Amino acid sequence: MAAYFARRFLLLIPTFIGITFVVFSITQFVPGGPIDQMILNMQASATEGGVGGSGSTVEIPPESLAALKEHFNLDKPFFVAYGYWLWDLVQLDLGKSYKYNVPVIEVITSRFPISIYFGLLGFFLAYLICVPLGVLKAIRHGSRLDIASSLIVFAGYSIPGWALGGVLLVLLGGGSFLDWIPLGGFRSEGWEDFSVWHKITDQLHHTILPVMAYMVGSFATLTILMKNSLMENLGQDYVRTAFAKGLSERSVIFGHALRNSLIPICTGLGHAIGLIMAGSYLIEKVFNIQGIGYLGYTSIVDRDYAVVMGILVINTLLVLIGNILSDVLYVLVDPRIRFS
Amino acid sequence: MSQPLLQVKDLHTYFNVEGQRAWACAGVSFDVMPGEFLGIVGESGSGKSVTALSIMRLIPDPPGRIDSGEVVFDGRDLLQLPLNEMRRVRGRDIAMIFQEPMTSLNPVLNIGRQVMEAVVLHEKLSREESRNRVIEVLEQVGIPDAGKRLKDYPHQFSGGMRQRVMIAMALICKPRLLIADEPTTALDVTIQAQILELMADLQNQREGSATILITHDLAVVAESCDRVIVMYGGRIQEVASTRDIFQEPLHPYTKGLMGSIPQEDSKGKPLFAIQGNVPAILDFPPGCRFCSRCELVEDRCRSEEPPLVDLGGGRAVRCHLVEKLPSNAEAEEAAP
Ligand SMILES: Nc1ncnc2c1ncn2[C@@H]1O[C@H](COP(=O)(O)OP(=O)(O)OP(=O)(O)O)[C@@H](O)[C@H]1O
Ligand code: SF4
Ligand SMILES: [Mg+2]
């Protein structure tokens, strides 16, 4: 089995190269590369500055253009450029952001705390709420509680997170209706100077709605997966055997059926880790949170490809490692699984 | 004459199928005596498992329900017991073995834990004592090196070994009644014989205890049972000692079942099979349940259900032709 996991880790390398190569190539062929973008920006600022109303074309000397192209490796065939990029990556260098002119790693890590905060919180809350809820729904299958929670969960499933966020903001964000929740942002201004208690409450205050928006989609799938998995196991022969021994319903459910029904949930955990860092542009936009999703989107629009590739690297690695983690969890919870 | 260990009286169990009550067990009555090895035979869908599960009160509800009847064990009607007392009967006084040894064991718990569970629950032994008891009972059912296999999982055992684990699990509290529901059906023939032999051995070791063996295979009955109940359509059709039933089966259904087992002298002859198939539970005809497949069917069979007639000497038959049946058998013998 060690050999199996060693192989899985080795396979990570070609998969990773494949994914990054495809995205890298796309960035090379999409019209309007970083240089066009720069020229555009210069033109825009020139116009706004209101210097010369006429024409307003900024002339860039051809030799500077060539130097720029060389700097971005745009003068080379894309696969050579990719080679350079990969070589830098191996040395843990993600390059510099075209836009901010600082190392990509700094741009990304500045967004980490926010994304990890929301990602992990959403992740743990989803599991902490959905697993017990699914269990309860399975045990009380057909009860009013089961039906009512199904309605809520599926309503949530059919509403996109950003839309729910928007609606809740309108209702609770102090606009036309109730003023319960701040309009957005990660924290209030001057947060650093708050007392500890105030810091915590302020943070939570800013957290509730975005976390709800993040979670609402995965909520239904996870809850129903848990419910169905447990229901299926409760119909299995081994459950009947457990009852025949004289065990109480409680012991049968928690001592026998639950462990089996957690198998698909556990393996999902690994995959979910890949999503922690993914963020969501739309939700972050609605709540004015400067997370990874927002950064990714603006980087694409600005053709800040170094940052785009940096985010891709991190998310790809997380997803791939999350997949391997899923297999590890599989082995841990199910004694029948032995990879070879 | 000693008291019966178990008395089932007029048991009725139904399932809700397509909005109707489907009676899987209708008016089943029988006694089990201490020390007895009782067989229940019948084709698939005759209501054998439902009878057994009703005794244990393990009918899945919904869709099923025990409607009426009594199951008297130790002078108490199990059907009237509060659930917590019924739980103390299960596994301790009455234990059950199921057909599929693979799916009947929990795949993610090691067998040591699964076998130990009942004894921890019912006898409050210390860890050390229960562990020793588990090893003892596993060795008793013929699992070699039992002490080393406690941490193994069900998938690490062969089918026959798994069924031995199931038997160990059922016997660990030394129950007075063991109900084995097709314990050998999923196993191949040689293993089948070993398991039956084991069950007979263990039965003899447990003074005064009884076994109900459910099977659709008369050959299995012949090998192990003292007495046989033949079921069809949720009803008892015939009751007799094993010897009687093989020497002189009375009910046309029993004869049909007999005809379908290979015999020494029937080599080369085609095996006789009962015509048609067992109807789906809602499609049984009124009157005699068997009339849609019976070769001797008469008009009244279709309209009127025959009673189970006690013929004395431990025999009973449910057939309108009950008076003619023995002569019928003699006539057949005289014919050639
Ligand atoms: N859970 C259930 N839901 C609906 N009907 C059921 C259920 N369990 C059993 N039945 C019905 O009860 C009837 C008798 O079933 P039972 O399991 O007792 O048959 P059996 O004699 O044990 O046959 P087999 O040899 O297949 O085990 C079947 O026809 C079946 O339709
Ligand atoms: S009652 Fe009639 S149909 Fe039923 S077994 Fe007897 S002869 Fe056949
Ligand atoms: Mg059965």
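Just the heavy atoms: all of them, side chains too, but no hydrogens, waters or symmetry mates, feed the values below. Keep in mind it's a predicted model, so treat the numbers as computed, not measured. Chain identifiers are assigned alphabetically (A, B, ...) following the order of the sequence lines, protein sequences preceding nucleic acid strands; residue numbering begins at 1 within each chain.
A/Tyr238 pairs with exactly one of B/Asn106, B/Leu109, B/Val108 by the side chain to side chain contact (heavy atoms under 4.5 Å, CB included) rule, that one being B/Asn106.
To the nearest 0.5 angstrom, A/Gln236 atom CD is 12.5 Å from B/Leu105 atom CG.
For B/Leu121, the side-chain contact (heavy atoms from CB on, under 4.5 Å) partners at least two apart in sequence or on another chain are A/Leu247.
Contacts from residues 124-156 of chain B to chain A, taken as heavy-atom pairs separated by less than 4.5 Å, involve B/Tyr153, B/His155 in sequence order. Contacts between residues 118-125 of chain A and chain B, defined by a heavy-atom separation under 4.5 Å, are made by no residue at all. Within residues 157-173 of chain B, the residues that have a heavy atom under 4.5 Å from a heavy atom of chain A are B/Met166, B/Met169, listed by number.
The shortest non-hydrogen separation linking A/Thr241 to B/Ser104 is OG1-O, 2.7 Å. Contact record, B/Pro107 with A/Pro335: O-CG, 3.5 Å, taken as the closest heavy-atom pair.
Shown here is A/Phe21, whose CZ atom has more than 12 heavy atoms of other residues, nucleotides or ligands within 6.0 Å.
Using a 4.5 Å cut-off between heavy atoms, A/Val333 contacts chain B through its backbone alone, with no side-chain atom that close. For a residue to count as touching a neighbouring chain, one of its non-hydrogen atoms must lie under 4.5 Å from one of that chain's; by this rule B/Leu53 touches chain A with the side chain only. For a residue to count as touching a neighbouring chain, one of its non-hydrogen atoms must lie under 4.5 Å from one of that chain's; by this rule A/Ser248 touches chain B with backbone and side chain alike. In this structure, the portions of B/Gln114 lying under 4.5 Å from any heavy atom of chain A include both its backbone and its side chain. Contacts between B/Arg113 and chain A at a heavy-atom distance below 4.5 Å involve the side chain alone, from C-beta outward.
Looking at B/Thr103, its side chain never comes within 3.5 Å of a backbone N or O of A/Asp237 through a donor-acceptor pair.
Side-chain atoms of A/Arg240 and B/Met96, non-hydrogen and from C-beta on, never get closer than 4.5 Å to each other.
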